[in-house]
There are 2 protein chains.
Amino acid sequence: MTNQMRSDGTRARILAAAVERFTHGGYDTTSVADICTAASVSKGAFYHHFPSKQAVFIALLERWLDELDETIRNVAAGGESVPARLSRLAGLVGEVSELGTGRVPMFLEFWRQAAKDPEVWRVTVEPYRRFRAAFASLIGDGIREGSLRAVDPDAAALALVSMGVGLVLQGALDPAEARPADAGEHAVALLLTGLARGGEYDTK
Amino acid sequence: MTNQMRSDGTRARILAAAVERFTHGGYDTTSVADICTAASVSKGAFYHHFPSKQAVFIALLERWLDELDETIRNVAAGGESVPARLSRLAGLVGEVSELGTGRVPMFLEFWRQAAKDPEVWRVTVEPYRRFRAAFASLIGDGIREGSLRAVDPDAAALALVSMGVGLVLQGALDPAEARPADAGEHAVALLLTGLARGGEYDTK
DNA sequence: TATTACATACCAACCGGTCGGTTTTTTTGT
DNA sequence: ACAAAAAAACCGACCGGTTGGTATGTAATA
């Protein structure tokens, strides 16, 4: 086995173990020794690959942000009508929270650290801004296209993202009662009804 | 000064210092010594009033829940029409996030601990359920009263609470760009438009 | 005097990070 | 082609510092 392969493998194991432990117990509670044990890696190997515990956290954050950016691109793209693209979003909320239920604690951890560390803050906040900007632009298109009411695009985008965040969070906290997959689409449809020009909003 | 007064005073100082420190640095990072220093209280006094650090946290949580319950009662009450009461909610979101901006980290801390400790989880989740139930009941009234469209009250309540949570959280994370007080009411109005029977929703 | 409220010194456990040494792969010299 | 040397990956004991919690004693109230 080449040196590169070996290195990449242990690095990946450390990252995977870190996300597992951080998710399970949070950043502060999880010790470097915990991560090492979970990754079947020695402390020496850990500090050979990462300069600090915080560096692992930031690497995780950046990986997550890349995924998020890809999601945004997918949402923004597409030649269909604006309402059709918006309704694709309704499904996205359910999808994200299904896939991400286990991840939400980690995601909460990012926010919590963002309140303390300016570097983490900057890199955490930016995707939300991009998210809102993408939606605002989409909504602006819808207004010009005539399929949406002439609302403030920024406020509407904030509303959409907020509801998404709220749904995912509540779904993670109380999956039995606030299942986003079931009620989430319904909730988003409700908001889209308020956005759509006149009468009911057709999610089909 | 009576013994009771003295005791109550130091207890209150510990609680106040705890919320200040937890808000500033999170649960794990804040040490008992930190709290004691901030409260001008010795460690002995601390452990005389509380059996553990966790106990202080739970006392804080319970105090917060009482406030929340009072808020719910205020929202549910009132003899006005349902749309009027719902629009009062729009203002509430801005209000809560204005008052609570500094508190949000603490609130995040509750959620994070809820993922770990079943006891904390139960007591954290319940108010959200009550919140949703209160809104669902209110929306049900609106539907019977004829002022709201015949939507699923539970889904609509989830939508409202989710948007509120999302707005507060985003406002706390990024106050410069996602000011809930400015755009929050607008966002809720948008949702209410989707709820209201026909045409525009009058927030007046 | 008895009890409650507070103060201080102390401890065992743990944590992030370091460091000297060992194993494994790669490069170099011939 | 092959050994020697260099480099990269890895190991685990160790360290200074901190933490939640305790034990023991003192001052204030009942």
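Note that this is a predicted model, so its numbers are computed, not measured. Order of the sequence lines fixes the chain letters, A, B, ..., with proteins taken first and strands second; residue numbering starts at 1 for each chain.
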Under 3.5 Å donor-acceptor pairs involving side-chain atoms of residues 151-169 of chain B, not counting sequence neighbours:
residue, atom, partner, partner atom, Å
B:D152, OD1, B:D154, N, 3.0
B:S162, OG, A:Q170, NE2, 3.1
B:S162, OG, B:L158, O, 2.8

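- Protein atom NE2 of A:H48 is 13 Å distant from nucleotide atom C1' of C:dT23, rounded to whole Å.
- A:D141 has a carboxylate O that lies under 4.0 Å from a charged side-chain N of A:R144, or vice versa, which qualifies the two as a salt bridge.
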Which donor-acceptor pairs under 3.5 Å do the side chains of residues 3-11 of chain B make with protein atoms, sequence neighbours left out?
residue, atom, partner, partner atom, Å
B:T10, OG1, B:S7, O, 3.0
B:T10, OG1, B:H49, NE2, 3.0

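- Among the protein residues, A:S40 comes within range of no part of the nucleic acid, since none of its heavy atoms lies under 4.0 Å from any strand.
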task: Test A:E145 against A:S147 for side-chain hydrogen bond (donor to acceptor under 3.5 Å, both in side chains), laying out the working first.
output: CA-CA 6 Å; A:E145 170 184 297; A:S147 53; 2.9 Å; yes
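- C:dT18 atom C1' lies 14 Å from atom CZ of A:F46, rounded to whole Å.
- No donor-acceptor pair closer than 3.5 Å links the side chain of B:W121 to the backbone N or O of A:D174.
- In this structure, the nucleotide among C:dA5, C:dA9, C:dG17 sitting nearest to the side chain of B:N3 is C:dA5.
- With respect to the salt-bridge test (charged N to carboxylate O, under 4.0 angstrom), the residues B:R112 and A:D28 do not qualify.
- If you check every strand for non-hydrogen atoms under 4.0 Å, A:T29 touches nothing.
- Taking for each of B:S7 and B:G44 the nucleotide of DNA chain C with the nearest heavy atom, the 5'-most of the two is the partner of B:S7.
- Counting only distance, with no hydrogens or angles, the side chain of A:T193 and the backbone of A:A189 share a donor-acceptor pair below 3.5 Å.
- For the pair B:I14 CD1 and C:dC6 P, the interatomic distance rounds to 8 Å; values are reported in whole Å.
- The shortest non-hydrogen separation linking B:I35 to B:A17 is O-CB, 3.7 Å.
- Taking the nucleotide of DNA chain D with the nearest heavy atom to each of B:Y47 and B:Q4, the more 5' of the two is matched to B:Y47.
- Near DNA chain D, defined here as any heavy-atom distance below 4.0 Å, the residues from residues 49-56 of chain A are A:H49, listed numerically.
- Judged purely by atom type and a 3.5 angstrom limit, A:T37 uses its side chain to pair as donor or acceptor with the backbone of A:A33.
- Note that the first and last nucleotides of DNA chain D, 5' to 3', having any atom under 4.0 angstrom from a heavy atom of chain A are D:dA9 to D:dG12.
- Within residues 15-23 of chain A, no residue has any heavy atom under 4.0 Å from DNA chain D.
- Panel note: side chain B:T30, backbone B:R21; a donor-acceptor pair is recorded below 3.5 Å.
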All N/O donor-acceptor pairs, side-chain side in residues 39-46 of chain B, below 3.5 Å, sequence neighbours left out:
residue, atom, partner, partner atom, Å
B:S42, OG, B:G44, N, 3.4
B:S42, OG, B:A45, N, 3.2

